[in-house]
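Written out below as structure tokens is the structure these notes cover.
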Amino acid sequence: MEVVAVIDFETTGLSPAQGDRATEIAAVLLENGKIVDRYQSLMNAGVRIPSFIEGLTGISNAMIRQAPSAADVMREVTDFVGDIPLVAHNASFDCKFWDAELQRINRTRRQEFACSLLLSRRLLPHAPSHKLGALVEFANLPVAGRAHRALADAEMAASLLSHLAEELRRKFGIGQVTHELLRKIQGVPKAKVEQALAKHQQSQ
DNA sequence: TGCCAGGCCCTCTTTAGGGCCTT
């Protein structure tokens with residue numbers, strides 16, 4: 001598969017529109033099923049992390065106070081990924097925060113997101129749950145570290161994406177898995193995925 | 001004061017409701 005950047009945010013809550021901010025970001029570059037580069041940083045957005053979120057992520061207000069500014073980190077991470085297409089687990093969430101944090105530094109997103117959650121629902125329909133941790137367990141993938149920390153979750157999402165690409169090769173005979181194809185698959189209604197993939201394979 | 005995300009996806013659906021997923 002072409003190189004993609006799998007990203008994961010930790011945040012103070014669920015919605016930038018409600019004032020929530022990013023507290024940590026990780027991006028891993030995945031090329032031909034292997035992680036070839038990594039970026040990870042805590043970030044200080046100058047807002048308080050609710051105690052529930054401190055417990056969930058292990059990221060404390062004390063840790064954030066010593067972290068570089070959110071603006072500096074977002075400049076670094078956007079420079080790190082450049083124009084490489086993005087992937088996230090439940091990408092609608094990470095895309096909201098990516099766009100909101102970029103807007104604060106007067107930058108705009110340069111690429112589309114693909115979503116490993118939408119892809120898993122289509123390609124692993126029998127998984128008991130489509131939470132990232134549950135999918136990692138279901139597919140016997142390595143646990144990268146503490147769940148709800150950005151780098152561990154980004155690495156596990158990258159492993160999941162490699163597994164999904166392998167499923168596409170093994171079950172549907174698709175040799176060249178591209179970000180564009182992933183975007184296409186995630187937009188097909190679940191009931192029509194096999195039909196769409198068979199048609200795609202015939203066109204190759 | 002009271003409210004508080006939003007998109008996907010299923011179903012006892014489409015003039016709707018509720019669970020899943022992200023923090």
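Model, not experiment: these values are computed from the prediction. What's counted below: heavy atoms across the whole structure, side chains too, no hydrogens, waters or symmetry copies. Naming: A, B, ... by sequence-line order, numbering from 1 per chain.
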Which is true for [X] with a 4.0 Å heavy-atom rule: it touches a base, it touches only sugar-phosphate, or it touches nothing?
X: A:F9; value: sugar-phosphate
X: A:T12; value: nothing
X: A:T23; value: nothing

Residue list, salt bridge (Lys or Arg N to Asp or Glu O under 4.0 Å) with A:R122, at least two apart or on another chain |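 For A:R122 there are no salt bridge (Lys or Arg N to Asp or Glu O under 4.0 Å) partners, ignoring immediate neighbours.
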Looking only at atom C1', what distance separates B:dT15 and B:dG19, rounded to whole Å?
->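 Pairwise C1' distance, B:dT15 against B:dG19, rounds to 22 Å.
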Euclidean distance for P, B:dC4 against B:dG17 (whole angstrom) =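 Between the two P atoms, the distance is 15 Å.
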Scoring nucleotides 7-14 of chain B by protein non-hydrogen atoms under 4.0 Å (B base, S sugar-phosphate only, - none) yields -SSS----
Qualifying residues under side chain to side chain contact (heavy atoms under 4.5 Å, CB included), relative to A:A62, sequence neighbours excluded |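 A:A62 satisfies side chain to side chain contact (heavy atoms under 4.5 Å, CB included) with A:S60, A:R65 once adjacent residues are dropped.
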Sequence neighbours left out, what passes side chain to side chain contact (heavy atoms under 4.5 Å, CB included) with A:T57? Give chain and number order.
->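 Partners of A:T57 by the side chain to side chain contact (heavy atoms under 4.5 Å, CB included) criterion, ordered by chain and then number, come out as A:E10, A:I53, A:I59, A:H148.
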Test side chain to side chain contact (heavy atoms under 4.5 Å, CB included) applied to A:T23 and A:L42, step by step = CA-CA 6 Å; A:T23 58; A:L42 291 167; 5.7 Å; no
With sequence neighbours excluded, residues passing ring-ring contact (aromatic ring centres under 6.0 Å, His included) with A:F172 |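 Applying ring-ring contact (aromatic ring centres under 6.0 Å, His included) to A:F172 gives none.
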Earlier contact from the 5' end, DNA chain B, for A:S15 and A:D94 =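 Going by which nucleotide is closer to the 5' end, it is A:S15.
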Where the side chain of A:Q40 meets the backbone of A:E24, is there a donor-acceptor pair that is under 3.5 Å apart?
->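 Not a single qualifying donor-acceptor pair exists.
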So which of residues 130-144 of chain A are in contact with DNA chain B, with a heavy-atom cut-off of under 4.0 Å?
->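 Listed by number, they are A:H130, A:K131, A:L132.
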